[in-house]
Structures are given as C-alpha cells and as structure tokens.
There are 2 protein chains.
Amino acid sequence: MNADALRGHMDALLLAVLEREPLHGYAIIEALRERSGGALDVPTGTVYPALRRLERAGYLASEWAVTGGRRRRTYRLTGDGRAALAGERSAWRSFTNVIGSVLDPLR
Amino acid sequence: MNADALRGHMDALLLAVLEREPLHGYAIIEALRERSGGALDVPTGTVYPALRRLERAGYLASEWAVTGGRRRRTYRLTGDGRAALAGERSAWRSFTNVIGSVLDPLR
DNA sequence: TTCTATATGTAGGCTGTCTATATGTAGACA
DNA sequence: TGTCTACATATAGACAGCCTACATATAGAA
C-alpha cells in the first residue's frame, strides 16, 4: 500500500476503527491490519502522532490504563469524533466517485 | 476536494485523461474538471510540475506546438505510460477495497 | 539470557500538492 | 486606445502528513 495514497485518509481509518469500541494505539494498528486483510500495516510513527492530532482536534479522548504490567493509552470517539467520522465517510464516497469518474469514464 | 486526499492519485488522473488523445496542460485541467463534473479544479502549480515528473519517468512525451499565436506543450502517453496507467487502475481498485473494508466493514 | 511480542513515543526526512507570482498572446468590449 | 478576460506555461517557496529510524520498557517463552 503506497504511503502517498493513504495521505488524507488516515483520519477516517482511525475514527472508523474506534467506532465500535475504544482501543489503544497498538490495538488500533492490529485492527487496521485485520480489517484490511493484512494490506494495511501502519507504522507507529504514523499512528501515534495522528492519534494525538485527532485528540487535539477534539475527535478523540484518551486515558491511561495499566493491564498486565503494560501501560496503555486508550482512545475513544467523542461526539465530535462521531460527527467527523460521518463527514469522512461522506467525503470518501464523493472522493471515490470523482476519481472513479476520471479513471473509468462512462463509455 | 481536499488536496491531501488527492495526493498519490494525481499521476493516475493525468495518465487517464491522456489515454484517448494527447492534450496540453491547460486542456488537461479542463478535461479533469469536465470529467469530474466540476469537482476537480487542479491548479497549474500542481499540473505542470506533475507533467514534467511523468515525462522524466518516461510515461509521457511532449512536443511544442503553436496554434493561433499560442504556444502549447502537448503531452502524449508512451508505451510505458500505458502500462503505468494499467498499474494505477489496478492499484486504485485495491486501494478503494482496502479503505472501504475499514470504513464500511461487513456487518 | 536472549528473543519476541507488546506498548508508547519523538526527531527528522521526504515529497507531492498548494499558493502566489511571473510572463505573454488573442480577442472582446467600451 | 485601453482594459479585461480567457488562454497558456512555468517556477519558488510554504505546508503538512506519512515515513524511517531510534529510544525506552515490560512480559513471557525458549
């Protein structure tokens, strides 16, 4: 998966994976890998800064937890985050329509 | 249309729009706008450098022409460019599948 | 004890898209 | 004649997000 192609869609991916349940960073990476059938293997240097960015934006909230001697910062969607996710989904649909209309124009 | 979302897909758009016939830069911008129903309005500062990049890569070839007192650099797809376009289309399909699988997972 | 998996985080690099600017012609319109 | 818009190409520099590489640390298996 080309890194440039992902650009601008990472927020949508992160919000989507947190829709059902709160998760910590490492688990988010695994969830993305599973949901994508192994195609998405997002490096930590991408995910952790992005999560902080989304928290700063008010779309996520986090809290620390310790489980089995391991510290985790668990993120959950805020109300604004749910709204943002809806916007991202809508933007994704129009994005694919637009690019698709150029790549595979009606004959 | 968010600029970041476009990143990594511009090459595919440019190659696709040149598939049928050679075009010069300004006409390419218009073609993208038409094909996308007005959604794509790519600035010249994006298109001209991108076209040069694609020519350097061997996917496009260009030649100057003067029409009605106006100089135009007309680009056409090379053989390598056609192959690259096929690759871009395939990459686009898998890209949308991957992102889609995360955004709208099977219930 | 060593290795792997788990877990978080930062610094700095890379690169493609953008804004802003520069240059110039043709044709319409006043 | 002068001005405005459309046509047409091009570059410099800003910006931002994703990346690699590295640092740190615990748990459990081998």
Side-chain angles (χ1 to χ4, degrees), chain A residues 1-15 22-34 36 39-57 59-60 62-75 88 91 95 98-99 102, chain B residues 1-15 22-34 36 39-57 59-60 62-75 88 91 95 98-99 102:
Chain A
M1 175 64 58
N2 174 24
D4 272 325
L6 234 43
R7 184 137 170 173
H9 305 287
M10 188 59 69
D11 291 4
L13 295 178
L14 295 175
L15 295 175
L23 291 172
H24 61 282
Y26 195 87
I28 289 172
I29 293 173
E30 288 181 320
L32 287 174
R33 185 162 39 226
E34 271 173 45
S36 66
L40 277 176
D41 191 12
V42 189
T44 64
T46 296
V47 167
Y48 290 111
L51 289 171
R52 289 168 159 275
R53 183 162 41 76
L54 290 171
E55 187 171 23
R56 266 201 314 279
Y59 299 151
L60 300 180
S62 71
E63 47 192 31
W64 281 104
V66 176
T67 309
R70 286 195 168 100
R71 46 199 271 287
R72 296 169 168 175
R73 191 199 284 275
T74 301
Y75 289 90
E88 292 282 359
F95 172 73
V98 165
I99 305 296
V102 176
Chain B
M1 175 65 57
N2 173 24
D4 272 324
L6 234 44
R7 181 136 171 177
H9 305 288
M10 188 59 70
D11 291 5
L13 295 177
L14 295 174
L15 295 174
L23 291 171
H24 61 284
Y26 195 86
I28 289 172
I29 293 173
E30 289 181 320
L32 287 175
R33 185 161 40 226
E34 272 174 44
S36 67
L40 277 177
D41 191 13
V42 188
T44 65
T46 296
V47 167
Y48 290 111
L51 290 172
R52 288 168 160 275
R53 184 163 40 78
L54 289 170
E55 186 171 24
R56 266 201 314 280
Y59 299 152
L60 300 179
S62 72
E63 46 192 31
W64 281 103
V66 176
T67 308
R70 286 193 170 104
R71 47 199 270 287
R72 295 169 169 176
R73 189 199 283 275
T74 301
Y75 289 90
E88 293 282 358
F95 172 73
V98 166
I99 306 295
V102 176

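Per chain, numbering begins at 1; letters A, B, ... match sequence-line order.
- Neither OP1 nor OP2 of dA16(D) sits under 4.0 Å from any side-chain N or O of Arg7(B).
- Chain A approaches DNA chain C within less than 4.0 angstrom (heavy atoms of the protein), and the contacting nucleotides run 5' to 3' from dA5(C) to dG16(C).
- Following rounding to the nearest Å, Glu30(B) (CD) and dA8(D) (C1') show an atom-to-atom distance of 10 Å.
- In the set dT9(D), dA16(D), dC18(D), dC18(D) carries the atom at the smallest distance from any side-chain atom of Ala3(A).
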Query raised in the report: Phe95(B) and His9(A): side chain to side chain contact (heavy atoms under 4.5 Å, CB included), yes or no, with the steps?
Result: CA-CA 11 Å; Phe95(B) 172 73; His9(A) 305 287; 3.7 Å; yes

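- Here Gly45(A) lies in heavy-atom contact (under 4.0 Å) with a base.
- In this structure, Leu13(A) places its CG atom 14 Å from C1' of dG17(D), rounding to the nearest Å.
- Remark: P of dA10(D) and CZ of Arg71(B) are 6 Å apart, rounded to the nearest angstrom.
- Across every non-hydrogen atom of Pro49(A) and Thr44(A), the tightest pair is CD-O, 3.7 Å.
- The two atoms that bring Ser36(A) and Val98(B) nearest to each other are CB-CG1, 3.9 Å, heavy atoms only.
- Looking at Arg52(B) and Tyr48(B), their side chains never come closer than 4.5 Å, going by heavy atoms from C-beta outward.
- In this structure, Arg70(B) does not reach the dT9(D) phosphate: none of its side-chain N or O atoms is under 4.0 Å from OP1 or OP2.
- In this entry the distance linking CZ of Arg52(A) with P of dC18(D) reads 16 Å, nearest Å.
- Rounded to an integer number of Å, the gap from Tyr26(B) OH to dT5(D) P is 13 Å.
- In this structure, the CE atom of Met10(A) is 9 Å from the C1' atom of dG17(D), given to the nearest Å.
- When every heavy atom of Leu15(B) is checked against every heavy atom of Glu88(B), the shortest pair comes out as CD1-CG, 4.2 Å.
- Mapping Thr46(A) and Thr46(B) onto DNA chain C by nearest heavy atom places Thr46(A) at the nucleotide closer to the 5' end.
- Rounded to whole Å, atom C1' of dT20(D) lies 14 Å from atom CG of Asp41(A).
- Arg71(B) pairs by the salt bridge (Lys or Arg N to Asp or Glu O under 4.0 Å) definition with nothing, not counting sequence neighbours.
- Rounded to a whole Å, the CZ atom of Arg72(B) is 13 Å from the P atom of dA10(D).
- With contacts defined as side-chain heavy-atom distances shorter than 4.5 Å, the pair Leu13(B)/Ile28(B) does not qualify.
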